[in-house]
*Asks:* 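One structure, pasted below without further comment.
All chains are named by letter (A, B, ...) in the order of the sequence lines, taking the proteins before the strands, and each is independently numbered beginning at 1. Reckoned from all heavy atoms, side chains included, excluding hydrogens, waters and symmetry mates.
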2 protein chains.
Amino acid sequence: MPPTGPRPLRADAQRNRDRLLDAAARAFSQAGGAEVTLDAIAKDAGVGIGTLYRHFPTREALVEATYRKELARLCDATSELLESLPPDEALRTWMDRFVDYMTTKRGMADALRAVIASGGNPFSESKARLTEAVTTLTRAGVDAGRVRPDVDAADLVASLGGVSLMAAEPTQREQAGRILDLLMDGLRYGARGTAAEPGT
Amino acid sequence: MPPTGPRPLRADAQRNRDRLLDAAARAFSQAGGAEVTLDAIAKDAGVGIGTLYRHFPTREALVEATYRKELARLCDATSELLESLPPDEALRTWMDRFVDYMTTKRGMADALRAVIASGGNPFSESKARLTEAVTTLTRAGVDAGRVRPDVDAADLVASLGGVSLMAAEPTQREQAGRILDLLMDGLRYGARGTAAEPGT
DNA sequence: CTTGTAAATGGAGGATCCTCCGCTTAAAGT
DNA sequence: ACTTTAAGCGGAGGATCCTCCATTTACAAG
């Protein structure tokens, strides 16, 4: 017997959930979308505020769900990057994209804070995907002798999260880039094929 | 004529400000101090909520002011560290202390977010001190050939802020340590006296 | 000491967050 | 079709945040 997975949502619940996500996507992608009130989103979706909170217990949860697809796309881009670039550059480029999502879609910052801070639970889905993507990239780098082998992918994801949080203001995008360079050099330090010079 | 500095506070205003800081220190240093309501602090200080908000426009501003002294102590510790340790280890140790403040005094996280995110204004005092401290440490490292010369101190402060934000949970203190190691190796990469092996 | 005035006060009130629970309804069983 | 029941709904209401401005007060000038 197939172990009863989490039983499917009731039809009306599913419908409301979808409406909420639609409304949220609409709201968050507008300018200043980070300030939209949850009441407004619920109203726009035509459901009660209680329903919103049941489906998404915190603002972060709603934002995370809204951006889950985009996060997935970002993760899926790894193989493509690895085909067209040397592994360390692929990793560096991927990091840049990661941060770019933050500065363009403002609501995304909340999403990632939620994803990365998820000590153990509800958002681990996206977190797992991100960690997996980073694992793929670093492993390729290690195999090519361009990245040190003793780096934990989860640590790196956390770092990216931290950098992104600081770079939330588009003003600080350049600073974020420099920090990523630094981090990248930390990743190169001690790789098999170590070069003594920093930078690309 | 001496350029009229920001005119001194009126006597009653100064008194209220001090009371508020006392009350805040009391509140924030208690367990779970991060959740204290501002109304409670105002009441404890015996002033109206409006007064609190005039002196400290945001929660972060109050927290920052509360911890300003401790932040200053941290900054002042640099010379002591430089006397007893090689510059790169001094820097690494200082970074650790920086993060430690976060995990012990929980309210401090808010403070630092405020300090570091201060694009340009009200908290630049503490930010400037932190940057100065890091400058001292890195410069010593550069002179000793143990830190690369092309690192901007402000970038490093921002990085520390990012790491600290992610390490807010004491659970993640070890992860924070590993990230600092990585960052530190990034700083060593390309220093005059480059060693090919990572770590200390 | 009196007066003028700008600084400072404080709390009522509007906005938002989030919880809680009595009512509604999908859908499984008969 | 009818009953049953638990999943789902919604929004009133309590808590907190922050603003605004009529009133009070420090203190400088006369």
Side-chain angles (χ1 to χ4, degrees), chain A residues 1-2 4-24 27-28 30 32-66 106-107 109-111 113-114 121-122, chain B residues 1 4-24 27-28 30 32-66 106-107 109-111 113-114 121-123:
Chain A
M1 69 187 182
T4 11
R7 81 171 53 180
L9 284 180
R10 226 169 70 175
D12 54 344
Q14 182 63 52
R15 181 162 24 85
N16 283 334
R17 190 172 200 285
D18 291 343
R19 283 185 178 192
L20 280 167
L21 284 176
D22 278 358
F28 291 144
Q30 244 148 28
E35 289 94 48
V36 188
T37 74
L38 297 183
D39 295 83
I41 291 177
K43 175 166 286 184
D44 185 31
V47 308
I49 185 66
T51 300
L52 186 154
Y53 274 98
R54 192 160 348 85
H55 283 292
F56 309 102
T58 67
R59 168 177 270 263
E60 276 73 23
L62 173 59
V63 178
E64 194 270 341
T66 305
R106 284 295 268 102
D110 294 324
R113 177 147 31 79
N121 309 325
Chain B
M1 74 189 180
T4 11
R7 82 171 53 180
L9 284 180
R10 225 168 72 176
D12 55 343
Q14 182 62 52
R15 181 161 24 84
N16 281 335
R17 188 171 202 283
D18 291 344
R19 285 185 177 193
L20 280 167
L21 284 175
D22 278 358
F28 291 146
Q30 245 147 28
E35 289 96 47
V36 188
T37 75
L38 297 183
D39 295 82
I41 291 177
K43 175 165 287 184
D44 184 31
V47 308
I49 186 67
T51 301
L52 185 154
Y53 274 98
R54 191 159 354 82
H55 284 294
F56 310 102
T58 66
R59 167 177 271 264
E60 275 73 23
L62 174 59
V63 177
E64 194 271 341
T66 305
R106 285 294 269 104
D110 293 324
R113 176 148 30 80
N121 310 326
F123 313 130

*Asks:* Within this structure, what is the CD1-to-P distance between A:I41 and D:dG10, rounded to whole angstrom?
*Replies:* 16 Å
*Asks:* Specify the separation, in whole Å, of atom CZ of B:R15 and atom P of D:dT25.
*Replies:*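 Computing the B:R15:CZ to D:dT25:P distance gives 11 Å.
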*Asks:* Give, for atom CD1 of A:I41 and atom CZ of A:F56, the distance between the pair rounded to the nearest 0.5 Å.
*Replies:*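 Going from the CD1 atom of A:I41 to the CZ atom of A:F56 covers 10.0 Å.
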*Asks:* Just how far is it from atom CG of A:L9 to atom CG of A:D18, taken to the nearest 0.5 Å?
*Replies:*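 So the gap between those two atoms works out to 9.0 Å.
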*Asks:* Is any side-chain N or O of A:T51 closer than 4.0 Å to OP1 or OP2 of D:dG8?
*Replies:*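 Checking A:T51 against D:dG8: no side-chain N or O falls below 4.0 Å of OP1 or OP2.
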*Asks:* Would you kindly give the CD-to-C1' distance between A:Q14 and C:dA27, to the nearest whole Å?
*Replies:*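 For the pair A:Q14 CD and C:dA27 C1', the rounded distance is 16 Å.
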*Asks:* Rounded to the nearest angstrom, tell me the gap between atom NE2 in A:H55 and atom C1' in D:dC9.
*Replies:* 9 Å
*Asks:* Could you check how far CG of B:L20 sits from C1' of C:dT9, rounded to whole Å?
*Replies:* 12 Å
*Asks:* Measure from CD1 on A:I49 to C1' on D:dG14 and round the result to the nearest Å.
*Replies:*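 The answer, rounded to whole Å, is 15 Å.
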*Asks:* So B:T37, base contact, sugar-phosphate only, or nothing? Heavy-atom distance under 4.0 Å.
*Replies:*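 Touches sugar-phosphate only.
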*Asks:* Taking B:D12 as the fixed residue, which of B:R10, B:R15, B:Q14 is the one that meets the side-chain hydrogen bond (donor to acceptor under 3.5 Å, both in side chains) rule?
*Replies:*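 Answer to the side-chain hydrogen bond (donor to acceptor under 3.5 Å, both in side chains) test with B:D12 among B:R10, B:R15, B:Q14: B:R10.
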*Asks:* Rounded to whole Å, please give me the gap between NZ in B:K43 and C1' in D:dT16.
*Replies:* 13 Å
*Asks:* Consider the side chain of B:R59, meaning its heavy atoms from C-beta on, and name the nucleotide among D:dC17, C:dC18, D:dC9 that approaches it most closely.
*Replies:* D:dC17
*Asks:* Please tell me which of A:V36 and A:R54 maps to the more 5' nucleotide of DNA chain C, matching each residue to the nucleotide holding its nearest heavy atom.
*Replies:* A:V36
*Asks:* Of the options C:dT9, D:dC17, C:dT16, whose atoms approach the side-chain atoms of A:D39 most closely?
*Replies:*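 Of the options given, the side chain of A:D39 lies nearest C:dT16.
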*Asks:* Let me confirm one number: the CZ-OG1 distance from B:R19 to B:T51, rounded to the nearest 0.5 Å.
*Replies:* 11.0 Å
*Asks:* So which nucleotide from C:dG10, C:dC18, D:dT19 ends up closest to the side chain of B:Y53?
*Replies:*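 From the listed options, D:dT19 comes nearest.
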*Asks:* Measure distances between side-chain N and O atoms of A:R10 and base N and O atoms of D:dA7, and say whether any donor-acceptor pair falls under 3.5 Å.
*Replies:* yes
*Asks:* Taking all non-hydrogen atoms of both residues into account, name the closest pair between A:T37 and A:R59 and its distance.
*Replies:*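 In this case the closest contact between A:T37 and A:R59 is CA-NH2, 4.1 Å.
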*Asks:* Expressed as a whole number of angstroms, how long is the span from B:N16:CG to C:dA8:C1'?
*Replies:* 8 Å
